[in-house]
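Worksheet: one structure, shown below.
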Amino acid sequence: MTEKNKKKFKLPHLFFIMIGLIVIMSCLTYIIPAGKFYKDADGNIDTSNFQYLETQQPVSLIKSMFMFMKGLVNSGLVVWVVMISGANMAVILETKSIDNFLNWATYKLEKQSIKVLIPVLYFLILYIAGFAGTDALIAVVPIGVIFAKKLKLDPISGLAATFFPSMIGFGMGPTLKVLIPQTMLGVESFSGFGLRFIMMNLFGIIGLMFTMSYVRKIEKDPNNSILGTDWLQEINSDEQFAKIELPVRSVIVLILTILQYIALVVYSLTVGTNIYEFLIGFFIVTSIIIGFIGGLSADQLGNSFAKGLGAMAFITFVIGLASTMQMIMVEGKILDTIVYFITKPLMNLNRGMSVIGITSVITILNPIVPSATAKAAVLMPILEPIAKTLGITSQVAVQAFLFGDAFTNMISPALGWTMGALTIAKVSYDKWFKWVIKPVIALILLSFVSVFLLDLISWTGM
């Protein structure tokens, strides 16, 4: 095989994707006709009143360069919310409380039957991912591998009990995952928490049904495995779960992690003012409290907080570039024209079907660009006016984005979390795809029904 054949297609770095999009958008201001939606007395877009402008108003590449700073400054609020949230989660992960809890739980449940063990582990990971999900949860995959060997199940069963719920929880979680799209669309942070928590459990139950169906087939006859029977040679009846005592401080940290999000939701529903200012101050204080309770020294706490800020720095820079891209479209008078052409064929459809269409587009795009930040940066400047033009509430638009960004992550060959999990479990991509494609399709179809119903009630998240 030649060196050329060995090379695989690789997406450019997100930095160059965003710079490229800004260059393209600048060029489009010379090509796309300038246009404008007129607004009614209340400032709402009048979708029936669009007109092309007599003169083009292009934004040159040089002028675009001088708009970078303004775009970054305009994103200041979103930037700091995202950075402080990331720092808070970094402190929680540094305490190792989540790791300790999972290891302790698997050891304690070791002697339970498969009917008890798999669902309990599945929901433990679902909730952890829903409230504190990051790609660091790839660490649950080795636990899944041990489960598979100990219970005489194949590696896909281990992935289905650990990696699978971690992806559902991360995609459907009512906390961190909603921050960026909500903030970019001007929706109150964490609003809609209750219904999103219910939906996470509903989708989790559907996923568990697929997991248990496959596990029972392998338990009944190992020859039913998608992997064939080669995996049976690696079964070791003496395989043991790691013995660990659960420190009281780890339990307290986990409780505080959940309580801090509940406190933010309560504040949003009761006080409802200065939510972002409160959120930033609140996360700084809770990070300090959780860090010390979790056993971190002052230096460890400070370093982990700084590490969390640093990890989010590039993400927030991308958000700033997205703001610049929107400014170029607005100044070049092409944003309204783009929205007009996209929404024109949707005007004759039921509004709920339009929302399903939006979810479908993001779902299809997701395996190619699995980064939620990248998609939000590209899509939100256009999604917001589309939603307003079609009469879709911002909360429903946020959920349409979240649904589209969730389930096809499990089949994305471009997502390191997915491919890394398969490598750890020694499961080839095609074998994993063969099992997971059915639950992925089922979850996508359920998301279409859900977003249709949310639009039907004009959900605002209250």
Side-chain angles (χ1 to χ4, degrees), residues 98-99 101-133 135-173 200-222 224-227 231-232 234-237 239-242 406-407 409-411 417-428 431-440 442-443:
I98 292 176
D99 295 12
F101 180 72
L102 279 176
N103 285 330
W104 173 81
T106 52
Y107 173 72
K108 286 295 183 180
L109 293 169
E110 179 181 4
K111 297 181 180 179
Q112 298 296 322
S113 68
I114 289 178
K115 291 181 180 179
V116 174
L117 187 59
I118 296 295
V120 170
L121 178 66
Y122 178 99
F123 271 101
L124 282 176
I125 294 174
L126 178 78
Y127 289 137
I128 289 173
F131 283 96
D135 55 6
L137 278 176
I138 196 174
V140 304
V141 176
I143 295 175
V145 173
I146 295 176
F147 258 78
K149 291 182 178 181
K150 181 69 178 178
L151 303 176
K152 295 182 172 57
L153 301 172
D154 69 349
I156 289 181
S157 300
L159 287 170
T162 52
F163 170 68
F164 184 53
S166 73
M167 295 300 281
I168 294 176
F170 177 71
M172 295 292 297
M200 183 184 76
N201 281 275
L202 173 61
F203 281 75
I205 290 170
I206 299 299
L208 179 62
M209 291 170 62
F210 279 97
T211 295
M212 292 306 297
S213 174
Y214 184 75
V215 166
R216 289 193 189 101
K217 284 170 60 179
I218 307 305
E219 183 183 24
K220 183 178 180 180
D221 184 359
N224 290 326
S225 172
I226 293 175
L227 300 177
W231 58 274
L232 287 168
E234 298 185 18
I235 293 296
N236 180 3
S237 59
E239 191 77 44
Q240 297 290 325
F241 298 124
F407 310 115
N409 281 326
M410 301 179 203
I411 58 172
W417 188 352
T418 297
M419 301 310 292
L422 299 185
T423 300
I424 293 172
K426 298 180 181 179
V427 173
S428 63
K431 299 295 185 182
W432 169 249
F433 184 90
K434 185 176 181 180
W435 178 78
V436 83
I437 189 61
K438 290 182 180 179
V440 164
L443 293 171

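Just so we're clear, the structure is a prediction, and the values are computed from it rather than from any experiment.
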Nearest heavy atoms of [X] and [Y], plus distance in Å:
{"X": "L126", "Y": "P165", "value": "CD1-O, 3.6 Å"}
{"X": "S428", "Y": "K431", "value": "OG-CG, 2.9 Å"}
{"X": "A406", "Y": "G171", "value": "CB-CA, 3.9 Å"}
{"X": "I411", "Y": "F433", "value": "CG2-CD1, 3.8 Å"}
{"X": "P155", "Y": "L227", "value": "CD-CD1, 3.5 Å"}
{"X": "I168", "Y": "M410", "value": "CG1-CE, 3.5 Å"}

List, one per line, each side-chain donor-acceptor pair under 3.5 Å for residues 208-215, sequence neighbours excluded.
{"residue": "T211", "atom": "OG1", "partner": "A160", "partner atom": "O", "Å": "3.1"}
{"residue": "T211", "atom": "OG1", "partner": "G207", "partner atom": "O", "Å": "3.2"}
{"residue": "Y214", "atom": "OH", "partner": "D154", "partner atom": "OD2", "Å": "2.5"}
{"residue": "Y214", "atom": "OH", "partner": "I226", "partner atom": "N", "Å": "3.1"}

Would you compute the distance between atom [atom1] of [X] and atom [atom2] of [Y] and round it to the nearest 0.5 angstrom?
{"X": "W432", "Y": "L422", "atom1": "CH2", "atom2": "CG", "answer": "7.0 Å"}
{"X": "L232", "Y": "I218", "atom1": "CG", "atom2": "CD1", "answer": "9.5 Å"}
{"X": "L151", "Y": "S157", "atom1": "CG", "atom2": "OG", "answer": "9.0 Å"}
{"X": "L159", "Y": "I424", "atom1": "CG", "atom2": "CD1", "answer": "9.0 Å"}
{"X": "L443", "Y": "M172", "atom1": "CG", "atom2": "CE", "answer": "8.5 Å"}
{"X": "K434", "Y": "I156", "atom1": "NZ", "atom2": "CD1", "answer": "9.0 Å"}

Pairs flagged by side-chain hydrogen bond (donor to acceptor under 3.5 Å, both in side chains) wherever residues 162-173 is involved - sequence neighbours left out: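 Output for this query is empty, none listed.
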N/O donor-acceptor pair under 3.5 Å between W231 side chain and K149 backbone: no
Side chain Y122, main chain G204, donor-acceptor under 3.5 Å: yes
All side-chain hydrogen bond (donor to acceptor under 3.5 Å, both in side chains) counterparts of N201, not counting sequence neighbours: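 Here the qualifying residues are Y127.
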Candidate pair I138 and F163, rule side chain to side chain contact (heavy atoms under 4.5 Å, CB included), full reasoning: CA-CA 7 Å; I138 196 174; F163 170 68; over 6 Å; no
Under the ring pair (Phe, Tyr, Trp, His ring centres under 6.0 Å) test, residues paired with F164 that sit two or more places apart: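 Result, ring pair (Phe, Tyr, Trp, His ring centres under 6.0 Å) vs F164: W435.
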Partners meeting side chain to side chain contact (heavy atoms under 4.5 Å, CB included) with T423 (sequence neighbours left out):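 So T423 forms no side chain to side chain contact (heavy atoms under 4.5 Å, CB included) with any residue.
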Test item: F407 and M167 side chains (from C-beta on) under 4.5 Å apart, heavy atoms: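 The answer is no, as the side chains (C-beta and beyond) never meet within the 4.5 Å cut-off.
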